[in-house]
Amino acid sequence: LAKGREVIVSRGEAVEIGGGFRIPDVLRESGARLVEVGTTNRTYIQDYETAITDATAAFLKVHASNFRVMGFTHSASLGELVELGRRRGVPVLHDVGSGCLIDTTQFGLEHEPMPQESMAAGVDLAFFSGDKLLGGPQAGIIVGKKSLVDLLKRHPLVRAVRMDKLDIAALSATLLHYLKGEALAKIPVWRMIAADIRTLENRARQWANKIGHECTVVKGLSTIGGGSLPGEAIPTWLAAIGEQGITGRLEGLAARLRQGDPAVVARIEDNRLLMDPRTVFPEEDERLIRAVKASLEPKR
Ligand SMILES: *Cc1c(COP(=O)(O)O)cnc(C)c1O
(Lines give C-alpha, C1' and ligand atoms only; values in the text may rest on other atoms or scores of the structure.)
Protein backbone atom coordinates (compact mmCIF):
# COMPACT_ATOMS: atom_id res chain seq x y z
CA LEU A 1 0.00 0.00 0.00
CA ALA A 2 2.79 2.41 0.83
CA LYS A 3 6.16 0.97 -0.17
CA GLY A 4 8.69 3.73 -0.84
CA ARG A 5 6.11 6.35 0.10
CA GLU A 6 5.00 8.23 3.22
CA VAL A 7 2.47 7.26 5.88
CA ILE A 8 1.32 10.07 8.16
CA VAL A 9 0.85 9.10 11.83
CA SER A 10 0.10 11.22 14.88
CA ARG A 11 3.09 11.48 17.23
CA GLY A 12 0.88 10.20 20.06
CA GLU A 13 -0.02 7.08 18.07
CA ALA A 14 3.43 5.75 17.11
CA VAL A 15 2.92 3.12 19.79
CA GLU A 16 4.32 -0.18 20.96
CA ILE A 17 1.78 -2.97 21.49
CA GLY A 18 2.29 -6.28 23.33
CA GLY A 19 5.35 -8.36 22.55
CA GLY A 20 7.48 -5.35 21.57
CA PHE A 21 5.73 -4.73 18.24
CA ARG A 22 6.11 -1.08 17.33
CA ILE A 23 4.21 0.87 14.70
CA PRO A 24 7.40 2.64 13.43
CA ASP A 25 9.17 -0.73 13.04
CA VAL A 26 6.22 -2.31 11.26
CA LEU A 27 6.07 0.61 8.82
CA ARG A 28 9.83 0.55 8.20
CA GLU A 29 9.68 -3.20 7.57
CA SER A 30 6.93 -2.61 4.99
CA GLY A 31 9.15 -0.15 3.13
CA ALA A 32 7.03 2.85 4.03
CA ARG A 33 8.38 6.09 5.50
CA LEU A 34 6.71 7.16 8.73
CA VAL A 35 5.90 10.85 8.89
CA GLU A 36 5.08 11.89 12.45
CA VAL A 37 2.80 14.85 12.96
CA GLY A 38 1.50 16.75 15.99
CA THR A 39 2.78 16.25 19.51
CA THR A 40 2.65 13.46 22.07
CA ASN A 41 -0.57 14.81 23.57
CA ARG A 42 -2.23 16.97 20.90
CA THR A 43 -2.60 16.38 17.18
CA TYR A 44 -5.04 18.32 14.99
CA ILE A 45 -6.43 17.57 11.56
CA GLN A 46 -4.41 20.56 10.21
CA ASP A 47 -1.22 18.71 11.25
CA TYR A 48 -2.13 15.90 8.85
CA GLU A 49 -3.09 18.32 6.10
CA THR A 50 0.16 20.31 6.20
CA ALA A 51 2.18 17.06 6.06
CA ILE A 52 0.64 15.90 2.77
CA THR A 53 3.14 15.69 -0.09
CA ASP A 54 3.25 14.00 -3.50
CA ALA A 55 4.73 10.99 -1.70
CA THR A 56 1.86 10.58 0.79
CA ALA A 57 0.40 7.08 0.57
CA ALA A 58 -1.97 7.03 3.56
CA PHE A 59 -3.04 8.42 6.92
CA LEU A 60 -2.69 5.77 9.61
CA LYS A 61 -4.74 6.14 12.78
CA VAL A 62 -3.70 3.82 15.59
CA HIS A 63 -5.71 3.12 18.72
CA ALA A 64 -3.64 3.67 21.87
CA SER A 65 -4.92 0.34 23.13
CA ASN A 66 -2.71 -0.38 26.12
CA PHE A 67 -2.08 3.01 27.73
CA ARG A 68 -3.89 6.27 28.30
CA VAL A 69 -2.79 9.88 27.97
CA MET A 70 -4.86 12.12 30.22
CA GLY A 71 -5.34 15.83 30.64
CA PHE A 72 -4.52 18.33 27.88
CA THR A 73 -5.06 16.04 24.88
CA HIS A 74 -6.53 16.16 21.40
CA SER A 75 -6.58 13.86 18.41
CA ALA A 76 -8.17 14.18 14.99
CA SER A 77 -11.45 12.25 14.73
CA LEU A 78 -12.01 9.48 12.21
CA GLY A 79 -14.60 11.70 10.54
CA GLU A 80 -12.11 14.55 10.10
CA LEU A 81 -9.48 12.18 8.70
CA VAL A 82 -11.93 10.60 6.26
CA GLU A 83 -13.12 14.04 5.09
CA LEU A 84 -9.54 15.23 4.57
CA GLY A 85 -8.55 11.95 2.94
CA ARG A 86 -11.43 12.14 0.46
CA ARG A 87 -10.68 15.76 -0.36
CA ARG A 88 -6.96 15.16 -0.92
CA GLY A 89 -7.12 11.61 -2.30
CA VAL A 90 -5.34 9.98 0.66
CA PRO A 91 -6.59 6.58 1.94
CA VAL A 92 -7.30 6.36 5.68
CA LEU A 93 -6.06 3.23 7.44
CA HIS A 94 -7.26 2.51 10.97
CA ASP A 95 -5.53 0.15 13.39
CA VAL A 96 -8.54 -0.40 15.66
CA GLY A 97 -6.76 -2.74 18.08
CA SER A 98 -9.01 -5.14 19.91
CA GLY A 99 -11.76 -5.98 17.42
CA CYS A 100 -14.45 -5.08 19.92
CA LEU A 101 -17.84 -5.70 18.28
CA ILE A 102 -19.96 -4.93 21.35
CA ASP A 103 -20.35 -1.50 22.99
CA THR A 104 -18.34 -1.67 26.21
CA THR A 105 -20.05 1.36 27.81
CA GLN A 106 -23.12 -0.75 28.72
CA PHE A 107 -20.87 -2.48 31.28
CA GLY A 108 -19.64 0.76 32.84
CA LEU A 109 -16.38 0.60 30.86
CA GLU A 110 -14.73 3.21 28.66
CA HIS A 111 -15.79 3.17 25.04
CA GLU A 112 -13.50 0.86 23.07
CA PRO A 113 -13.33 1.64 19.32
CA MET A 114 -15.34 -0.78 17.19
CA PRO A 115 -14.55 -1.86 13.61
CA GLN A 116 -18.17 -1.18 12.58
CA GLU A 117 -17.66 2.47 13.66
CA SER A 118 -14.57 2.71 11.43
CA MET A 119 -16.56 1.34 8.50
CA ALA A 120 -19.46 3.71 9.20
CA ALA A 121 -17.01 6.64 9.35
CA GLY A 122 -15.78 5.63 5.89
CA VAL A 123 -12.19 4.59 6.54
CA ASP A 124 -10.58 2.75 3.64
CA LEU A 125 -9.13 -0.13 5.65
CA ALA A 126 -9.51 -1.16 9.29
CA PHE A 127 -7.22 -3.67 11.04
CA PHE A 128 -8.11 -5.48 14.24
CA SER A 129 -7.35 -8.49 16.35
CA GLY A 130 -9.31 -11.74 16.24
CA ASP A 131 -8.66 -12.41 19.91
CA LYS A 132 -8.69 -9.68 22.62
CA LEU A 133 -12.29 -8.44 22.84
CA LEU A 134 -13.47 -10.23 19.71
CA GLY A 135 -12.83 -13.35 21.73
CA GLY A 136 -11.78 -15.68 18.92
CA PRO A 137 -8.45 -17.19 17.84
CA GLN A 138 -5.29 -15.11 17.43
CA ALA A 139 -5.73 -13.52 14.03
CA GLY A 140 -5.21 -10.23 12.27
CA ILE A 141 -8.33 -9.15 10.42
CA ILE A 142 -8.41 -6.54 7.65
CA VAL A 143 -11.70 -5.14 6.37
CA GLY A 144 -12.54 -2.31 4.00
CA LYS A 145 -12.41 -1.24 0.36
CA LYS A 146 -12.25 -4.21 -1.97
CA SER A 147 -9.66 -2.58 -4.25
CA LEU A 148 -7.24 -2.19 -1.33
CA VAL A 149 -7.94 -5.62 0.17
CA ASP A 150 -7.33 -7.15 -3.28
CA LEU A 151 -4.01 -5.33 -3.48
CA LEU A 152 -2.99 -6.79 -0.12
CA LYS A 153 -4.03 -10.29 -1.22
CA ARG A 154 -1.52 -10.13 -4.07
CA HIS A 155 1.45 -9.48 -1.73
CA PRO A 156 4.05 -12.27 -2.08
CA LEU A 157 4.09 -12.94 1.68
CA VAL A 158 0.34 -13.51 1.97
CA ARG A 159 0.70 -17.26 1.58
CA ALA A 160 3.16 -17.38 4.43
CA VAL A 161 0.88 -15.58 6.88
CA ARG A 162 -2.53 -16.83 5.78
CA MET A 163 -4.84 -18.48 8.28
CA ASP A 164 -5.07 -22.24 8.47
CA LYS A 165 -8.38 -24.07 8.40
CA LEU A 166 -8.53 -24.74 12.14
CA ASP A 167 -8.20 -21.03 12.91
CA ILE A 168 -10.78 -20.20 10.25
CA ALA A 169 -13.17 -22.72 11.83
CA ALA A 170 -12.63 -21.18 15.28
CA LEU A 171 -13.02 -17.63 13.97
CA SER A 172 -16.22 -18.42 12.09
CA ALA A 173 -17.67 -20.19 15.15
CA THR A 174 -16.93 -17.06 17.18
CA LEU A 175 -18.38 -14.68 14.59
CA LEU A 176 -21.53 -16.81 14.30
CA HIS A 177 -22.24 -16.11 17.97
CA TYR A 178 -22.31 -12.40 17.15
CA LEU A 179 -24.54 -12.93 14.12
CA LYS A 180 -26.98 -14.98 16.21
CA GLY A 181 -27.00 -12.30 18.92
CA GLU A 182 -25.68 -14.72 21.56
CA ALA A 183 -22.14 -13.35 22.00
CA LEU A 184 -22.71 -12.28 25.62
CA ALA A 185 -23.86 -15.78 26.56
CA LYS A 186 -21.41 -17.83 24.47
CA ILE A 187 -18.06 -16.05 24.04
CA PRO A 188 -15.89 -16.48 27.16
CA VAL A 189 -14.57 -12.90 27.40
CA TRP A 190 -18.11 -11.48 27.08
CA ARG A 191 -19.60 -14.02 29.49
CA MET A 192 -17.07 -12.72 32.02
CA ILE A 193 -17.60 -9.01 31.30
CA ALA A 194 -21.40 -9.38 31.31
CA ALA A 195 -21.58 -11.53 34.47
CA ASP A 196 -24.28 -10.29 36.87
CA ILE A 197 -22.84 -8.79 40.07
CA ARG A 198 -25.46 -10.44 42.37
CA THR A 199 -24.69 -13.84 40.87
CA LEU A 200 -20.97 -13.21 41.37
CA GLU A 201 -21.58 -12.35 45.03
CA ASN A 202 -23.64 -15.51 45.57
CA ARG A 203 -21.00 -17.67 43.94
CA ALA A 204 -18.19 -16.07 45.96
CA ARG A 205 -20.21 -16.82 49.15
CA GLN A 206 -20.76 -20.44 48.09
CA TRP A 207 -17.06 -20.84 47.35
CA ALA A 208 -16.13 -19.38 50.74
CA ASN A 209 -18.61 -21.60 52.62
CA LYS A 210 -17.42 -24.75 50.91
CA ILE A 211 -13.70 -23.94 51.04
CA GLY A 212 -13.70 -23.14 54.79
CA HIS A 213 -10.23 -22.29 56.20
CA GLU A 214 -11.43 -18.81 57.18
CA CYS A 215 -12.19 -18.04 53.54
CA THR A 216 -14.18 -14.80 53.43
CA VAL A 217 -15.95 -12.73 50.79
CA VAL A 218 -14.79 -9.22 49.92
CA LYS A 219 -15.68 -6.59 47.34
CA GLY A 220 -13.07 -6.11 44.64
CA LEU A 221 -12.35 -5.19 41.05
CA SER A 222 -11.97 -7.26 37.89
CA THR A 223 -9.41 -5.72 35.54
CA ILE A 224 -10.57 -5.96 31.94
CA GLY A 225 -8.33 -6.03 28.92
CA GLY A 226 -4.95 -7.32 27.99
CA GLY A 227 -4.12 -5.02 25.09
CA SER A 228 -7.42 -3.20 25.37
CA LEU A 229 -9.29 -0.98 27.83
CA PRO A 230 -6.19 0.21 29.73
CA GLY A 231 -6.79 0.82 33.42
CA GLU A 232 -10.40 -0.29 33.21
CA ALA A 233 -11.95 -2.36 35.97
CA ILE A 234 -15.45 -3.41 36.97
CA PRO A 235 -16.77 -4.25 40.46
CA THR A 236 -16.82 -7.88 41.52
CA TRP A 237 -16.92 -10.07 44.64
CA LEU A 238 -13.91 -12.13 45.62
CA ALA A 239 -13.28 -15.18 47.76
CA ALA A 240 -10.32 -14.32 49.99
CA ILE A 241 -8.02 -16.55 52.04
CA GLY A 242 -5.72 -14.88 54.58
CA GLU A 243 -2.52 -16.10 56.23
CA GLN A 244 -4.43 -17.21 59.31
CA GLY A 245 -6.53 -19.62 57.26
CA ILE A 246 -3.59 -21.67 56.02
CA THR A 247 -0.48 -23.45 57.14
CA GLY A 248 2.61 -21.93 55.51
CA ARG A 249 2.82 -18.89 53.33
CA LEU A 250 0.29 -17.54 50.83
CA GLU A 251 2.89 -17.77 48.04
CA GLY A 252 3.18 -21.49 48.75
CA LEU A 253 -0.58 -21.90 48.52
CA ALA A 254 -0.69 -19.92 45.26
CA ALA A 255 2.07 -22.11 43.82
CA ARG A 256 0.29 -25.34 44.84
CA LEU A 257 -2.89 -24.01 43.20
CA ARG A 258 -1.08 -23.21 39.96
CA GLN A 259 0.59 -26.60 39.87
CA GLY A 260 -2.61 -28.49 40.65
CA ASP A 261 -5.01 -30.19 38.28
CA PRO A 262 -6.98 -28.20 37.29
CA ALA A 263 -4.46 -25.39 37.61
CA VAL A 264 -5.93 -22.44 39.54
CA VAL A 265 -4.42 -18.99 39.04
CA ALA A 266 -5.25 -16.74 41.99
CA ARG A 267 -3.74 -13.40 42.90
CA ILE A 268 -2.23 -12.15 46.15
CA GLU A 269 -3.14 -8.67 47.32
CA ASP A 270 -2.84 -7.12 50.81
CA ASN A 271 -1.77 -10.43 52.34
CA ARG A 272 -4.80 -12.28 50.99
CA LEU A 273 -5.13 -14.84 48.25
CA LEU A 274 -7.99 -13.67 46.03
CA MET A 275 -10.17 -15.63 43.61
CA ASP A 276 -12.60 -13.86 41.28
CA PRO A 277 -15.72 -15.83 40.24
CA ARG A 278 -15.96 -13.58 37.17
CA THR A 279 -12.99 -15.46 35.74
CA VAL A 280 -14.41 -18.92 36.41
CA PHE A 281 -17.48 -20.30 34.67
CA PRO A 282 -20.31 -21.49 36.99
CA GLU A 283 -20.03 -25.01 35.57
CA GLU A 284 -16.42 -25.07 36.86
CA ASP A 285 -17.26 -24.06 40.46
CA GLU A 286 -17.20 -27.56 41.96
CA ARG A 287 -13.84 -28.42 40.35
CA LEU A 288 -12.39 -25.14 41.59
CA ILE A 289 -13.60 -25.73 45.14
CA ARG A 290 -12.15 -29.26 45.13
CA ALA A 291 -8.82 -27.97 43.80
CA VAL A 292 -8.58 -25.23 46.42
CA LYS A 293 -9.48 -27.59 49.26
CA ALA A 294 -6.85 -30.07 48.08
CA SER A 295 -4.20 -27.33 47.99
CA LEU A 296 -5.14 -26.15 51.48
CA GLU A 297 -4.63 -29.66 52.86
CA PRO A 298 -1.32 -30.67 51.29
CA LYS A 299 -0.52 -34.36 51.49
CA ARG A 300 2.29 -35.12 53.89
C1 LIG B 1 -3.41 -5.87 19.73
C2 LIG B 1 -3.11 -4.85 18.72
C3 LIG B 1 -2.59 -5.22 17.50
C4 LIG B 1 -2.22 -6.65 17.17
O5 LIG B 1 -3.29 -7.49 17.21
P6 LIG B 1 -3.11 -9.09 17.29
O7 LIG B 1 -3.89 -9.58 16.14
O8 LIG B 1 -3.71 -9.45 18.61
O9 LIG B 1 -1.66 -9.40 17.20
C10 LIG B 1 -2.34 -4.23 16.57
N11 LIG B 1 -2.61 -2.95 16.84
C12 LIG B 1 -3.13 -2.54 18.02
C13 LIG B 1 -3.41 -1.08 18.24
C14 LIG B 1 -3.42 -3.48 19.00
O15 LIG B 1 -3.93 -3.10 20.16
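Every number for a ligand or one of its atoms is a count from 1 in the order of the listing. Bear in mind the structure is a predicted one, so any value in this text is a computation, not a measurement.
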task: Please answer whether the main-chain N or O of A76 pairs with a side-chain N or O of K61 as donor and acceptor at a distance below 3.5 Å.
output: yes
message: My understanding is that we take every heavy atom of each candidate and find the minimum distance to atom 10 (C) of ligand 1. Doing that for L134, V15, N66, I17, which one comes out nearest?
response: I17
message: Can you report which non-hydrogen protein atom sits closest to atom 5 (O) of ligand 1, along with the distance?
response: S129 CB, 3.6 Å
statement: closest protein heavy atom to atom 9 (O) of ligand 1 is Q138 NE2, 3.3 Å
- prompt: Against heavy atoms of S65, which atoms of ligand 1 measure under 4.0 Å?
  reply: 13 (C), 14 (C), 15 (O)
field: Protein residue, atom and distance nearest to atom 2 (C) of ligand 1, heavy-atom basis
entry: K132 NZ, 2.5 Å
- prompt: Taking the six-membered ring of W237, is NZ or CZ of R203 closer than 6.0 Å to its centre and within 45° of its axis?
  reply: no
message: Could you check whether any side-chain N or O of R205 sits under 3.5 Å from a backbone N or O of T216, counting only pairs where one atom can act as donor and the other as acceptor?
response: no
- prompt: Without hydrogens or angle criteria, can the side chains of H111 and T105 be said to hold a donor-acceptor pair below 3.5 Å?
  reply: no
task: Would you name the heavy atoms of V69 and N41 that are closest together and state the gap between them?
output: CG1-CB, 4.3 Å
- request: Using distance alone, decide if ligand 1 has a nitrogen or oxygen within less than 3.5 Å of any nitrogen or oxygen in H63.
  value: no
message: Treating R68 as the side-chain partner and P230 as the backbone partner, does any N or O pair qualify as donor plus acceptor under 3.5 Å?
response: yes
task: Within a distance under 4.0 Å of any heavy atom of A139, pick out the atoms of ligand 1 and give their elements.
output: 7 (O)
query: Can the ring centres of H74 and Y44 be said to be less than 6.0 Å apart?
result: yes
- prompt: G97 heavy atoms, cut-off 4.0 Å: which ligand 1 atoms fall inside?
  reply: 12 (C), 13 (C), 14 (C), 15 (O)
- request: Please work out whether any backbone atom (N, CA, C, O) or any side-chain heavy atom from C-beta onward of V96 is under 4.0 Å from ligand 1, and answer side chain, backbone, both or neither.
  value: neither
- prompt: Going by the atom numbers of ligand 1, which of them fall below 4.0 Å from some non-hydrogen atom of D131?
  reply: 8 (O)
